[in-house]
There are 4 protein chains.
Amino acid sequence: MQPTARRGRPRKQEADARILDAALELLLDCGYDRFSVDEVAAKAQVAKTTLYRRWPTKDHLIVAVVARIQDEVPVEYSGDVRADLTRYLNEIVNGLNRMRQVGRATASGDASAGLVAEVAAAAARHADVGAAVQAMFARRNALVLTLLEQAREHGELRSDVEPGVLFDQLAGALYYRLLVTGRPIDAAYVDRLVTGALTGASA
Amino acid sequence: MQPTARRGRPRKQEADARILDAALELLLDCGYDRFSVDEVAAKAQVAKTTLYRRWPTKDHLIVAVVARIQDEVPVEYSGDVRADLTRYLNEIVNGLNRMRQVGRATASGDASAGLVAEVAAAAARHADVGAAVQAMFARRNALVLTLLEQAREHGELRSDVEPGVLFDQLAGALYYRLLVTGRPIDAAYVDRLVTGALTGASA
Amino acid sequence: MQPTARRGRPRKQEADARILDAALELLLDCGYDRFSVDEVAAKAQVAKTTLYRRWPTKDHLIVAVVARIQDEVPVEYSGDVRADLTRYLNEIVNGLNRMRQVGRATASGDASAGLVAEVAAAAARHADVGAAVQAMFARRNALVLTLLEQAREHGELRSDVEPGVLFDQLAGALYYRLLVTGRPIDAAYVDRLVTGALTGASA
Amino acid sequence: MQPTARRGRPRKQEADARILDAALELLLDCGYDRFSVDEVAAKAQVAKTTLYRRWPTKDHLIVAVVARIQDEVPVEYSGDVRADLTRYLNEIVNGLNRMRQVGRATASGDASAGLVAEVAAAAARHADVGAAVQAMFARRNALVLTLLEQAREHGELRSDVEPGVLFDQLAGALYYRLLVTGRPIDAAYVDRLVTGALTGASA
DNA sequence: CGTTAACCGAGACGGTACGTCTGGTCTTTAA
DNA sequence: TTAAAGACCAGACGTACCGTCTCGGTTAACG
């Protein structure tokens, strides 16, 4: 069962890669707002139509670029949730801190949410971009949610813990710091966070 | 000691209000990107110079607008942290859900982060806007942090709880949902969140 | 002696007609500049290649369309040049006035040269289109030039009259009005024109 | 009585000239279709907005350029209409022949209507451009129409001659040759034309 | 009371990205 | 070879917006 017998000239696969490569490079150099679609097309040696046929908007393109550099964080339940979570969150923190610097000529210490905020904004502007972003995060966090599930079954976590909510608390705190309060995020903070979430606040 | 003896024609106070009013209205109608400074000036019957003298950037203006509609959430320790927290978070949730609709013609249910993401992005773009946003949130949350402090002294919370971290977990989860996963936020979710954070996940 | 032994799949004759029909319709609806080759192909249910194989340029296509709707104006010397000329010129005027409306949604009276000017421009751009246009006009006016010749031989016109020059004066005036001054052209004007040309201006 | 008390920053007069200069140069080099508004703006060192504020369309701009290089042809009644007309028409012919070459890299002899046709087409596309073109020609030919009037009063022309119609015959023939038949136009042709129009064709 | 510094309104300006459109060519598969 | 479909290149177009600047004119407070 052929899905659809393709008609007409097929898309040049090579173009996709060339565009995304060029876009990534430009994004790292210039950040979101000095990033120009024309320039991407030029750098990728591709006509603008070819680009716009694939990503109908600057926002779409940028999200595609970001999705592409999202590295899988391998994570497997080791029998010690605390250690697993800490390791995983630190990976995320590293990624976020890298993104903070995007487009800043000087690696200045002026805590900035850089790309992440722009991606969130793009997701807010276009429904389809939003869906893509959500899918990206869902895929990324699927493993860690499974892990939490396993830890619960294994008896390390209370049986009434909801993995989704627990993870929201942890990841949320990181993004909150990044996007809203702008305070620094480091390994020590991750530790305190995990401790707090596992221990609970009530006396 | 007068800060600076003003010379020349004083600014027209009325203009500030007219501009912010117009800006708010436009923001609610159009959302961030179809919001144009020219249009604000026109609607406020004010010259663009008058506007730019006060807010040097579209981003500055928008943050000023948002700061203005941030209502103080009065909160006082009642002896029951759980209830106090729940109430406070629900207030925030209401505010966020209102913002979600900004710029959407139809009040469609397509979960959008609307303004919040744009403000975060603006904060990421300009250092001073970032500072203003952080100050806004700091001011807003000062009361609840004090409240957590009191609850700890009162023995309702463990003595090693860090109010800042605890609050990050709670507020963070909300913003994470809003900005990243796009999933709905309601009172039931707030309940589960507070329960989780107070109880802790460890068996 | 076959000119060239055809090999491969023969051209679909039907396509020519379908394309010209579609092109004509589109031309009447939209005028020259909103006329797009892609749209013609779509409307004719024909691939763009099929179209370009026949007419290598938008201009070529349009001239082909115009040539097709040029109706032969039968004319024969009746012994009364003035009457013959008047009738012939009125036919031309009718055609021109029809063309004036091309591409105007409302049949407004805003005298426009419509298609004619575009065809002239096309002729100016491509040498071969120019040749085609000239041939079209030559073919069209051959009869009336012969007629003038006959009238001269018959003694109705001075023996030193050059039919070509005389006809230039008459047809030229019409096109000049159409393309340059934009003033209206009607039967009364044709009358005055013929009178002037036959009578002469000198006292 | 001030026509209008000017408000706001006045337009930079210098810009108009710089744009028209650049546009003219480009037009002479490239002809109509390789003429690009972007390039004009760049060459004139002017923002595209500045240009579009003055001429809302490529066509408008080009007509403005052409209008600017329309030199006044001084003409005064000398008592000899034939001579006056001949001189005037030859001036026009020179101008037309110059325009024929516009945009042709090589001064090839391939008779082309060049710019004139494009201007006529532009006039046909936009009502306001059409009006401008007609005004341009009206202004240009006002003198010669007056001259014909004087010649008639002076008894050189028949009293029932309509100057407008007579001039249509003459100028029209030139434009007809240029735009339609593409045949060459020279002094000899002008002579035959004037002779024909003054003498009349009837035996 | 005049000077002066800073304001206000209107609107042009520079700069630049955006996304669209079109013309004309090329690459597939199928007939 | 032609056809159909549609991707491709190239590049112009006109729009939108931001933030600055230039006018003419106004409004306080200072001297």
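Here is the naming used below: chain letters follow the sequence lines, and residue numbers restart at 1 for every chain.
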Trainee: Write down the distance between OH (D:Y32) and P (F:dA12), rounded to a whole number of angstrom.
Mentor: 14 Å
Trainee: Residues in side-chain contact (heavy atoms from CB on, under 4.5 Å) with A:D128, at least two apart?
Mentor: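 With sequence neighbours excluded, A:D128 shows a side-chain contact (heavy atoms from CB on, under 4.5 Å) to A:H60, A:H126, given in chain and number order.
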Trainee: Within less than 4.0 Å of OP1 or OP2 of F:dA7, is there a side-chain N or O belonging to A:T50?
Mentor: no
Trainee: Using whole Å, report how far CG of D:L51 lies from C1' of E:dT16.
Mentor: 15 Å
Trainee: Rounded to whole angstrom units, what separation is found between the CD atom of C:E14 and the P atom of F:dT2?
Mentor: 17 Å
Trainee: Can you tell me how far P of F:dC13 sits from NE2 of D:H126, to the nearest Å?
Mentor: 12 Å
Trainee: My understanding is that only residues two or more places apart in sequence, or in another chain, count here; which of them pass salt bridge (charged side-chain N to carboxylate O under 4.0 Å, His left out) with D:R54?
Mentor: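 Testing D:R54 for salt bridge (charged side-chain N to carboxylate O under 4.0 Å, His left out), a comparison that skips the adjacent residues, returns D:D16.
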Trainee: Considering only side-chain heavy atoms of B:R7, which listed nucleotide, E:dT4, F:dA4, E:dC13, is closest?
Mentor: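 Among E:dT4, F:dA4, E:dC13, the one nearest the side chain of B:R7 is E:dT4.
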Trainee: Nearest whole angstrom, please: distance from the C1' of F:dA7 to the CG of A:D16.
Mentor: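 The distance from CG of A:D16 to C1' of F:dA7 comes to 12 Å, rounded to the nearest Å.
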Trainee: Counting just side-chain N and O atoms, does A:R53 come under 4.0 Å of either OP1 or OP2 of E:dG19?
Mentor: no
Trainee: So, does D:K58 use its side chain to make a donor-acceptor pair with the main chain of D:F35 at under 3.5 Å?
Mentor: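 Checking the backbone N and O of D:F35 against the side chain of D:K58, a donor-acceptor pair under 3.5 Å is found.
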Trainee: Is there a side-chain polar atom (N or O) of A:R9 under 4.0 Å from OP1 or OP2 of F:dA5?
Mentor: no
Trainee: Measuring to OP1 and OP2 of F:dC21, would you say a side-chain N or O of D:K12 lies under 4.0 angstrom away?
Mentor: no
Trainee: Restricting to side-chain contact (heavy atoms from CB on, under 4.5 Å), what partner residues turn up for C:Q45, sequence neighbours left out?
Mentor: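 If we apply the side-chain contact (heavy atoms from CB on, under 4.5 Å) test to C:Q45, skipping adjacent residues, the hits are C:R18.
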Trainee: Measure from CG on A:D59 to P on E:dA17 and round the result to the nearest Å.
Mentor: 16 Å
Trainee: How many Å lie between CD1 on C:I19 and P on F:dT2, as a whole number?
Mentor: 14 Å
Trainee: Quick one: list whatever passes side chain to side chain donor-acceptor pair (under 3.5 Å) with A:R68, sequence neighbours left out.
Mentor: A:D21
Trainee: Collect all protein-nucleotide pairs involving nucleotides 15-17 of chain F in which both atoms are nitrogen or oxygen and the distance is under 3.5 Å.
Mentor:
none

Trainee: With DNA chain F as reference, determine whether B:T57 or A:Q45 sits nearer its 5' end, using the nearest nucleotide of each.
Mentor: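 It is A:Q45, whose closest nucleotide lies nearer the 5' terminus.
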Trainee: Just jot down the side-chain contact (heavy atoms from CB on, under 4.5 Å) partners of B:Y52, sequence neighbours excluded, or say none.
Mentor: B:V37, B:K48
Trainee: Could you pick out which residue, C:A47 or A:R18, lies toward the 5' side of DNA chain F when each is mapped onto its nearest nucleotide?
Mentor: C:A47
Trainee: Below 4.5 Å, heavy atoms only, C-beta onward: do B:R125 and A:E118 meet side chain to side chain?
Mentor: yes
Trainee: Hey, does the side chain of B:R11 come within less than 4.0 Å of E:dA5's phosphate (OP1/OP2), counting only N and O?
Mentor: no
Trainee: What is the distance, rounded to the nearest whole Å, between atom CH2 of C:W55 and atom P of E:dT25?
Mentor: 16 Å
